[in-house]
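What follows is one structure encoded as structure tokens, with my remarks underneath.
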Amino acid sequence: MTVDIKIDDKTYECELIERNGDNVKIKIDGKVLEADIQNLTSTVYSFLYENQSFDVEVNEGATNKDFVINTMMERFETTVIDAEAKYQMARGKGDGGEDSNAISSPMPGQVVKILVKEGDEVKAGDTVVIVSAMKMESEYKVKQDRKIIEVCVAEGDNIDTNQPLIIVE
Amino acid sequence: MTVDIKIDDKTYECELIERNGDNVKIKIDGKVLEADIQNLTSTVYSFLYENQSFDVEVNEGATNKDFVINTMMERFETTVIDAEAKYQMARGKGDGGEDSNAISSPMPGQVVKILVKEGDEVKAGDTVVIVSAMKMESEYKVKQDRKIIEVCVAEGDNIDTNQPLIIVE
Amino acid sequence: MIKKILIANRGEIAIRVMHTCREMGIKSVAVFSDVDRTSQHVRLADEAYHIGAAPSAESYLVIDKIIDVAKKSGADAIHPGYGFLSENAEFSDRCKSEGIIFIGPTSKVISVMGDKISARRKMIAAGVQVVPGTKDNITSDEEALRIVKEVGLPVMIKASAGGGGKGMRLVRTEEEIIPGVRAAKSEALAGFGDDTVYVEKFVENPHHIEIQVLGDSHGNVIHLFERECSVQRRHQKVMEESPSPLMTPELRAKMGEQAVMAAKAVDYVGAGTIEFLVDDDLNYYFLEMNTRLQVEHPVTEQVTRVDLVRQQIQVAAGMELEYKQEDLSQLGHSIEARIYAEAPCENFMPSPGLVMNIDVPLGPGIRHDGYIYSGYTIPIHYDPMISKLIVTGKNREQAIERMKRALYNYKISGVKTNIRFLGRILEAPDFVEGRYTTQFIDNNIDFLKRKEEHTINHKVFAVAATFVHYLNNLDKGNSKEETQECTKSEWKSFGRRKNAMRL
Amino acid sequence: MIKKILIANRGEIAIRVMHTCREMGIKSVAVFSDVDRTSQHVRLADEAYHIGAAPSAESYLVIDKIIDVAKKSGADAIHPGYGFLSENAEFSDRCKSEGIIFIGPTSKVISVMGDKISARRKMIAAGVQVVPGTKDNITSDEEALRIVKEVGLPVMIKASAGGGGKGMRLVRTEEEIIPGVRAAKSEALAGFGDDTVYVEKFVENPHHIEIQVLGDSHGNVIHLFERECSVQRRHQKVMEESPSPLMTPELRAKMGEQAVMAAKAVDYVGAGTIEFLVDDDLNYYFLEMNTRLQVEHPVTEQVTRVDLVRQQIQVAAGMELEYKQEDLSQLGHSIEARIYAEAPCENFMPSPGLVMNIDVPLGPGIRHDGYIYSGYTIPIHYDPMISKLIVTGKNREQAIERMKRALYNYKISGVKTNIRFLGRILEAPDFVEGRYTTQFIDNNIDFLKRKEEHTINHKVFAVAATFVHYLNNLDKGNSKEETQECTKSEWKSFGRRKNAMRL
């Protein structure tokens, strides 16, 4: 079993060499890692690696191939690129859905103000929408001169993480 | 929707009168109960009943019709008797599987000693098996003179709750 | 005595108050907005009432609705917590006129201490040391020069109508005085339509140190020593401790005395806090009074062993203070860390949402005042503070080590938190050596945000965990048939038993 | 100084020791049996090593295996916790000969104090008050009468080889003396093949009160006051407190002095406990010494503010005690409740198994030393104690109210626990009034097991919750198609967006 796992901008080739109960031998980018990886709860794994003990938590992310990993000290986002994902990517689907023409918020919140309407021409640096979450307001601006194609939300709407708010040309 | 729910030895007839989001109106044995019953996690329900606030936890039991309920102060075991269960019971199946001819332990543990073998005749009060859990040993005795039909476990075996250990005539 | 208290708040402070209510045999009544039905404070209360939509202006801030629930539930008293209606004079008055005990000061005290200028006048009259300066408008260049010389450089020129840093000018040299006043005036006029500006002594490297006071309706006022609150980001406190590492016994006695004078000047009843600015030379100046329980009250509770909420309730019920000044002492050292749902590395952006798991640190010397639970969705409408971790140790060094251990054992997933950022604060030399001012976070921001170097490569373990989890998921997908097998074999064994029994 | 400690234990005490290790900058090494791979002590350690099968005789009790891990991991010291190898003289010796610091007393001290007769002799020689009596065999009726008269009625006739109540006879009147001795002798002969019996004063209504001591290798010994441990069931402590409600300042001083004498008599180094029986007239008698940390050590830590594990480690490393007797005081009141996985209403049957949910109480004055987590399976092989809840308050009354509040907020599901039983203890008049003996649980068993009367009918809510859960499960079963609908409409909206963008 071999898959690629992407973390930040680096892709690691992972191969399962041997699995004996919780003792796992994996080749990661050519280097063999041997560890006792015990699944404690649906998301928590207890690692014993060269007798060092630490937990790693695996939460499922936006898709069933995306994961959010918490190690003792850090948080990582990983993506599994298996045969299916590679096939999707080759056909231009997969996780290529990100749309730089959509202005969105990286946190859930509420739309406080929309400063543009369909058809408006805006200048680089203009604020187009203000989102509030937890008593903090964030202004979202365009980086270049743009034309507003669609306003997808209304003032007062609750929005999710990465939901498209404004579509620009 | 009407089902019977058994708790201890009493059966309550339950009927859903109305459900509006989390506001539930249920008729239980003829009396109407209206409450805001909010599902917080997979097992925890927050009740607001006449503005009194308390949690009730529902854990699934031995079968998908059996539940273990923890209210603030007490623990109950309940069984849902729906149409399916009634049909099963009518056919002599359902939860009729309890077997007073099997000697079993109400807790998980380890078999320390088996004092009988197949074919033995034992007297009322004789100990037939000793089970240990958490540094405490429990002796299981027969209440009447009996013949041993089958010994289902061996010394040293780990056993589950209610697993049959010895079958008597 | 009070039998039932409505807690006009949410989150950790509502729960904090409920704990003491339960210990005193007092019933607690929660109120909740649309998005707070699942909130822990609703679960832990004896009774709970819905009061409106998510925005606090439509629920937690609506006096009529709160009063209505108090009457419906038969509550004798209302505890406002902090924030929301806690320093609202109208609310205090309304409670009084409705015959409900407001657990806080009178509207008069709230009004006097809530306004900066009237509070300053009151304090000067009471002999409390305030930041030197004048509240009179500067109308000419000559006046400007004269007043600044009286106050002494450096000074801050401030717009009377100002706020949020607008209409403010720091003046360090004589040459800067006139241009500074003019700039502040024109900015104030543009910003607020009012060019009134005044002069205040600029306190260099200020430490934010506050004194907890308690007063009863029999004229007794005591202080419970200081809290050091200089670890701040945008005027938001992040980590507090008691005692303050800056403090000397003499300064503590003097500031305590001043705080008692301040509270007595307004016949203060209840728990309050006198905030001071203290400079490196240990000059101290009254800043403002908070007429409510503070977020950071636990560090005082830990070192003085006084339950402040219990005292609030008792004096609100008309009882005398349980403690005299000479009964009180500071023992040990306590630190509070505020856990925020935010992403320090993304400019402290709030991070509301679903809490997957929470593992709180346990063991000796740990107190945890929080409100979230695994499976809870933190709403977008309120404060990002989700809990307070409070440690207490024999001395400051052991308290710091204990806090490090506690933060290390504290795991929250789903939402992003500032836990690692808090851990870095404890490693910053300025903090460890106890010589920090309100500039601490700004001065150390790179250190605080820097990622640790690890002896082991966490990335590789993140990859390995992803891989194993992915493999497990595949196995689960494949094991559905097996599960059915299991069921079958269970039936088989049942059949076998039945047969055995027929023998 | 010690850099790495192997903790030869499991469960809450292993974690308790790890907390202090981390705070002192010491690495911790866990050992675990087959069934303990998922145990919390493995997760919280810096390193962890497998040492064998589930039965402790094949893992936690195997000296060779523990020593082997200590060497492999490079641990300088071993902390034995309580139970297992903690009072094993051979283990203490072995550590010494291997050059590893044993955090506990020498084998000589363990041996002397571990044997009842040698401990008694040592204590008499040191001037410590022991239960009056003699350890010499009674060989004739005349001797029996003489000795019993010397000791004074009532007395207990005890078999030297005895244990578990066998070969014991309580004698209250002169007439009972000779029949009692004969009965005890014949029972002892039948039970143990040895008819040696001796006479001990019977202490009426005894209170089990113990004194915590600390000694260093420089000859210093101090005591940390008392713990009241009379709430027991079958010699198993259930709830402990400090101070003892029975105690007077004079008695405390006398017993403390005796405890220090006892420890000095054996040149005691480390943390130890001198157990006494105290009768209603405040006569006290040495019972035995425990040469290790006790389960109930936290109540002492709470009222004295001393970290006992830190002191153990420091004195084991050869340092002088951090405290002198005059530095120590008891402040406030602390109670510990032991949470067991057991079913009090089913004759306290153990209840191992899967922990579904655990919600621990938080807030002021709460300490929680535990080891289970949601999703953990409590193994069948070890002690049923799963955690200790420790509360501290201003006085006994407030500590009791706080413990009630904490138990009320403590939820464990999956396994059965004694939480409600503990709550009932706090309501028993004998406990509330502080006049209880080791007979407390037996005397109050009906009260303690009785179910509460509720104003609301919990059964009906249990039925309602079952019904709603059942309905929700049905809905979930039906909603699979809906889920697919959602996915579809998401695709639709995606398509719409694509269209929009093409405009």
Side-chain angles (χ1 to χ4, degrees), chain A residues 1 3 5-8 10 12 14-16 19 22 24 26 28-29 31 33 35 37 39 41 43-45 47 49-50 52 54-60 64-65 67-80 82 106-110 131-136 138 158-161, chain C residues 35 54-56 83 234 340-343 345-354 356-357 359 374 377-386 408-409 411-417 419-420 423 451-452 454-475:
Chain A
M1 165 59 76
V3 298
I5 293 177
K6 219 179 106 184
I7 185 167
D8 297 339
K10 188 162 159 40
Y12 295 82
C14 299
E15 185 189 345
L16 180 64
R19 188 167 187 176
D22 302 307
V24 180
I26 311 170
I28 297 177
D29 267 6
K31 266 190 231 161
L33 176 116
I37 304 178
N39 191 195
T41 68
T43 57
V44 178
Y45 290 84
F47 274 62
Y49 168 71
E50 294 177 352
Q52 292 174 81
F54 50 92
D55 282 0
V56 178
E57 189 177 356
V58 181
N59 286 297
E60 315 218 336
N64 67 345
K65 302 279 161 69
F67 302 91
V68 177
I69 312 293
N70 290 300
T71 64
M72 261 181 303
M73 288 296 183
E74 277 178 82
R75 183 178 178 282
F76 300 100
E77 295 184 5
T78 60
T79 305
V80 173
D82 56 7
M107 63 182 173
Q110 189 172 33
V131 172
S132 153
M134 297 182 140
K135 297 159 86 183
M136 181 165 159
S138 306
N158 288 328
I159 54 160
D160 283 336
T161 303
Chain C
V35 294
S56 38
R234 294 189 194 153
Y340 289 105
E342 65 182 15
C345 293
E346 294 160 58
N347 200 25
F348 297 92
M349 187 172 61
S351 178
L354 176 66
M356 305 274 202
N357 274 312
D359 262 343
S374 299
T377 299
I378 302 172
I380 60 169
H381 306 84
Y382 313 107
D383 197 88
M385 194 182 78
I386 50 179
Y408 181 87
N409 287 339
K411 320 261 179 193
I412 297 175
S413 64
V415 300
K416 293 173 189 170
T417 72
I419 289 177
R420 270 173 33 74
K451 295 205 173 177
E452 276 98 319
H454 300 297
T455 48
I456 49 176
N457 186 350
H458 285 253
K459 260 189 203 176
V460 169
F461 295 108
V463 168
T466 305
F467 188 43
V468 170
H469 190 74
Y470 172 79
L471 294 174
N472 287 354
N473 278 353
L474 287 184
D475 281 355

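By convention in this document, chain letters (A, B, ...) are assigned in the order of the sequence lines, proteins followed by strands, and residues within each chain are numbered from 1.
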If you measure from [atom1] on [X] to [atom2] on [Y], what distance do you get to the nearest 0.5 Å?
| X | Y | atom1 | atom2 | answer |
| --- | --- | --- | --- | --- |
| A/I37 | C/F467 | CD1 | CZ | 10.0 Å |
| C/M385 | A/M134 | CE | CE | 11.0 Å |
| C/Y470 | A/N64 | OH | CG | 8.5 Å |
| C/F461 | A/D55 | CZ | CG | 13.0 Å |
| A/Q110 | C/H381 | CD | NE2 | 4.5 Å |

Which pair of non-hydrogen atoms, one from [X] and one from [Y], has the smallest distance, and what is that distance?
| X | Y | result |
| --- | --- | --- |
| A/N70 | C/S413 | ND2-CB, 3.4 Å |
| A/L33 | C/A464 | CD2-CB, 3.8 Å |
| A/E60 | C/M356 | O-CE, 4.4 Å |
| A/V58 | C/A465 | CG2-CB, 3.8 Å |
| C/V463 | A/Y12 | CG2-CD1, 3.6 Å |
| A/M136 | C/R234 | CE-NH1, 4.4 Å |

Around atom NZ of A/K10, are there more than 12 heavy atoms from other residues, nucleotides or ligands closer than 6.0 Å?
yes
Evaluate the side-chain proximity of A/P106 to C/M349: yes if any heavy-atom separation is below 4.5 Å, no if none is.
yes
A/D8/C/K459 ion pair, N-O < 4.0 Å
yes
I'd like to know if the side chain of A/Y45 pairs up with that of C/N472 as donor and acceptor (distance under 3.5 Å, no hydrogens or angles considered).
yes
Please state whether the rings of A/F54 and C/H458 are parallel, tilted or perpendicular, taking 30° and 60° as the class boundaries.
tilted
Residue among A/D160, A/D82, A/D29 with most heavy-atom pairs under 4.5 Å to chain C
A/D82
Sort out for me which of A/V56, A/V68, A/N59 touches chain C most, counting heavy-atom pairs under 4.5 Å.
A/N59
Stepwise side-chain contact (heavy atoms from CB on, under 4.5 Å) check, C/L471 with A/R19:
CA-CA 11 Å; C/L471 294 174; A/R19 188 167 187 176; 3.8 Å; yes
Is it the side chain or the backbone of C/Y408 that comes within 4.5 Å of chain A heavy atoms, both, or neither?
side chain
Proximal component of C/P55, with respect to chain A [non-hydrogen, under 4.5 Å]
neither
Please enumerate all residues that pass ring pair (Phe, Tyr, Trp, His ring centres under 6.0 Å) together with C/Y340, with sequence neighbours excluded.
none
Please state whether the side chain, the backbone, both or neither of A/E15 comes within less than 4.5 Å of a heavy atom of chain C.
backbone
Does C/T466 form a side-chain contact (heavy atoms from CB on, under 4.5 Å) with A/T79? I'd like the steps, not just the answer.
CA-CA 8 Å; C/T466 305; A/T79 305; over 6 Å; no
Decide yes or no on side-chain contact (heavy atoms from CB on, under 4.5 Å) for A/K135 and C/D383, but give the supporting numbers first.
CA-CA 6 Å; A/K135 297 159 86 183; C/D383 197 88; 3.2 Å; yes
